[in-house]
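In this chain, residues are counted from 1 in sequence order.
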Amino acid sequence: MTLPQILSVAVLTGMMLLFIWGRFRYDLVAVMALLAALAVGIVDPKHAFAGFSDDIVIIVGSALVLSGAVQRSGVIESAMLVLQRRVRRIRSQLLLLCASVGFASALVKNIGALAMMMPVAFQMAKHSKATPAVFLMPMAFASLLGGLITLIGTSPNIIVSRVREEMTGQPFGMFDYAPVGLGLTVVGLIFLRFGYRLLPRDRRATATLGEALDIQDYVTEAEIPAGSPAIDETVAEFRARHDNEVSVTAILRAGMRSTPFPDTTLKPEDLLILAGAPDSLERVIAADGLELEGQHRDKPEGSGREVGVLEAVVGTESPLIGRTAGRLGLHERFGVNLIAVSRQGERLATRLGEIELSAGDVIVLQGPLDLLFERLGELGCLPLAERTLRLGSARKGLLPLAILGVAMLATATGYVPVAVAFFAAAGLTVLSGALPVREAYDHIEWPILIMLGALIPVSDTLRTTGTTDLIGEGLSHFAATLPPWGAVALILAAAMAVTPFLNNAATVLVMAPIAATFATGLGYRPEAFLMATAVGAGCDFLTPIGHQCNTLVMGPGGYRFGDYARLGAPLSLLVLVVGTPLILWVWPVH
């Protein structure tokens with residue numbers, strides 16, 4: 001080996017050791033690797049930051065914005081809630097949840113699809129009197145499998161597509177991954193349907209902030225507009241259609257209060273006092289097109305355009321204590337709307353503007369985001385920043401899905417490059433209001449983009465120094481006596497073994513060039529080996545740290561580190577056994 005080759009391997013080896021150690025965050029490790037590569041001279045300073053302008057960074061960032069818009073729309077979640085009422089057995093619920101997350105992950109970022117469906121899982125667990133741990137880890141694994149179906153499902157697919165384009169001039173298309181990804185997803189779903197029994201039954205999550213504060217039902221008021229599905233329903237029918245998630249505590253009609261008997265018929269312009277959990281209230285209001293009290297009020301002059309909601313606790317020195325929002329002139333004086341109130345141990349049945357607030361009440365305020373935190377200080381309230389609510393936020397329904405569909409169609413037909421299509425689609429979701437600017441930036445996982453931008457030039461040193469050729473030739477000699485399926489299985493197993501300790505995108509950046517050189521050294525076409533790399537890097541089922549989806553469910557599910565291998569090890573073996581012949585069938589090596 002030459003000195004540049006030795007230095008390239010040393011930098012990448014040190015980077016992997018730092019990833020495994022876990023002392024530093026992965027984006028910081030990538031930055032340190034880039035600085036080290038610059039210091040030893042294997043990365044040209046002129047090309048040090050070329051990775052940040054790479055199409056991969058643009059595509060991944062845009063896909064995260066689109067995923068956030070689809071998640072915020074609530075369309076998929078609403079469809080699931082309809083199915084939830086028809087599916088009652090735990091195993092059927094598990095299959096429904098895993099299939100929904102898996103196939104949604106083909107269209108949006110897999111962690112976005114998982115986050116979107118987790119509230120539904122909690123509801124199903126509550127109705128079935130089961131622990132959420134039964135559902136959450138299988139859902140996380142299903143999201144990883146579903147990400148294999150399309151180009152945008154997961155970052156490794158995008159990176160592998162670029163490597164193929166560099167080698168053959170032809171990238172993988174949007175649905176080139178589908179035959180292998182669909183096959184593995186279906187097999188994985190069947191396994192999870194029965195294999196969930198491998199998980200311990202005693203896992204419970206730690207108490208959430210809401211549980212610690214004993215936040216129960218919120219009370220809000222909403223008007224029934226013309227054309228709402230609630231019109232001409234009885235109160236009992238209204239509640240049954242929404243699975244009894246909310247209660248109608250009072251009805252105001254033409255300024256007169258009436259008791260909401262079960263057979264009371266709802267009419268246009270009725271003002272309903274609704275009680276329920278914030279997520280339930282949000283779903284009911286969005287599904288029936290109800291209009292929250294104060295949502296059409298003008299914003300204060302000089303405030304920002306973006307309106308949001310914030311949950312806060314009324315402090316002991318708050319000027320709100322003993323006063324009502326109406327008497328205080330909350331909107332006129334402070335520019336914010338009171339849209340919900342929760343009081344421990346009491347169900348409120350009064351209009352929001354008439355509720356005398358007390359210390360310890362939990363309130364939801366709506367207003368310009370640039371004013372909300374400032375106003376909280378003036379009102380003597382403490383924000384519950386750990387919880388986010390969508391109650392009172394605008395939703396654009398099918399618009400994000402339509403924009404995503406057009407982008408996918410444009411890339412599938414080759415009309416525009418993937419990076420251009422998804423960047424334009426992300427821009428349209430923000431410009432159309434489907435995703436507020438602040439939320440768009442929140443959904444972009446900046447550490448992932450920093451890691452990608454820094455690692456692209458570092459991983460490329462394997463190619464520029466000739467190290468990939470050297471490693472590929474060594475593997476070729478080792479695999480010379482292996483049949484084609486053995487060579488593909490070797491790459492697939494190697495990628496699956498590395499990705500729990502290395503970020504999946506970093507695994508592909510390092511291994512894809514090696515796999516391509518390995519295939520060339522054996523005289524094979526590279527597609528099967530690149531596909532094996534993508535599948536292996538996308539299938540981390542052994543640890544909670546290798547992929548964000550696994551990390552996301554660890555706390556809510558109450559899982560321990562070793563729980564992942566109990567369900568993940570047999571699933572990994574299944575992917576290896578089924579994936580190898582499936583890859584070779586779809587992508588022949590000759």
Side-chain angles (χ1 to χ4, degrees), residues 76-77 80 83-84 87-106 108-149 153-154 181-205 496 499-500 504 535 538-576 578-579:
I76 298 177
E77 183 182 335
M80 281 296 301
L83 294 173
Q84 170 190 328
V87 180
R88 297 297 181 182
R89 297 178 60 189
I90 288 181
R91 286 182 294 182
S92 300
Q93 291 175 339
L94 176 70
L95 183 60
L96 175 62
L97 287 168
C98 290
S100 301
V101 170
F103 293 116
S105 296
V108 300
K109 181 74 173 172
N110 44 22
I111 192 169
L114 178 60
M116 179 169 54
M117 297 306 302
M118 282 176 64
V120 182
F122 285 116
Q123 289 178 28
M124 286 191 174
K126 182 179 179 180
H127 291 163
S128 302
K129 295 180 172 55
T131 170
V134 172
F135 299 134
L136 294 181
M137 190 187 296
M139 288 170 63
F141 290 172
S143 72
L144 299 185
L145 291 168
L148 305 175
I149 297 175
T154 187
L182 278 172
L184 289 175
T185 301
V186 170
V187 171
L189 290 174
I190 295 172
F191 168 78
L192 293 171
R193 164 70 171 71
F194 299 97
Y196 78 96
R197 296 180 180 278
L198 296 172
L199 291 171
R201 294 300 183 90
D202 60 346
R203 298 296 185 251
R204 293 290 187 277
M496 292 178 72
T499 195
N504 57 0
V535 170
C539 291
D540 171 29
F541 307 124
L542 299 177
T543 71
I545 59 174
H547 196 281
Q548 293 159 313
C549 289
N550 293 352
T551 307
L552 181 63
V553 301
M554 187 174 186
Y559 300 119
R560 300 172 186 169
F561 194 97
D563 293 341
Y564 287 79
R566 294 180 64 161
L567 184 64
L571 182 57
S572 298
L573 181 62
L574 186 65
V575 168
L576 183 63
V578 175

Partner set under ring-ring contact (aromatic ring centres under 6.0 Å, His included) for Phe135, not counting sequence neighbours: none

Inter-residue atom distance Leu573.CG - Met496.CE, 0.5 Å rounding: 8.5 Å

Would you tabulate the side-chain donor-acceptor contacts of residues 181-193 under 3.5 Å, counting partners in other chains and residues two or more places apart, or write 'none'?
| from | atom 1 | to | atom 2 | distance (Å) |
| --- | --- | --- | --- | --- |
| Thr185 | OG1 | Leu145 | O | 3.1 |
| Thr185 | OG1 | Gly181 | O | 2.7 |

Close side-chain approach of Pro138 to Leu97, heavy-atom, < 4.5 Å: no

Within-4.5 Å side-chain heavy-atom neighbours: Asn550 and Phe541: no

Contact summary for Val101 and Ser143, nearest pair of heavy atoms: CG1-CB, 3.4 Å

CG-CE distance between Leu94 and Met139, expressed to the nearest 0.5 angstrom: 9.0 Å

Spacing of OG belonging to Ser572 relative to OH belonging to Tyr564, to within rounding of 0.5 Å: 13.5 Å

Gap separating the CG atom of Leu136 from the SG atom of Cys98, nearest 0.5 angstrom: 9.5 Å

Which atom of Gly102 lies closest to which atom of Ile149, heavy atoms considered: O-CD1, 4.4 Å

Atom pair CG (Leu571) and CG (Leu576), whose distance is rounded to the nearest 0.5 Å: 11.5 Å

Shortest non-hydrogen contact from Ile90 toward Ala130: CD1-CB, 3.7 Å

Side chains of Leu199 and Arg566 in contact at under 4.5 Å (non-hydrogen atoms): no

Nearest non-hydrogen partners of Pro200 and Asp563, listed with the distance: CG-OD1, 3.6 Å

Shortest non-hydrogen contact between Gly538 and Leu148, atoms and distance: CA-CD2, 4.3 Å

Within-4.5 Å side-chain heavy-atom neighbours: Arg91 and Tyr196: yes

Considering all heavy atoms, the nearest Pro570-Leu198 contact: CG-CD1, 4.0 Å

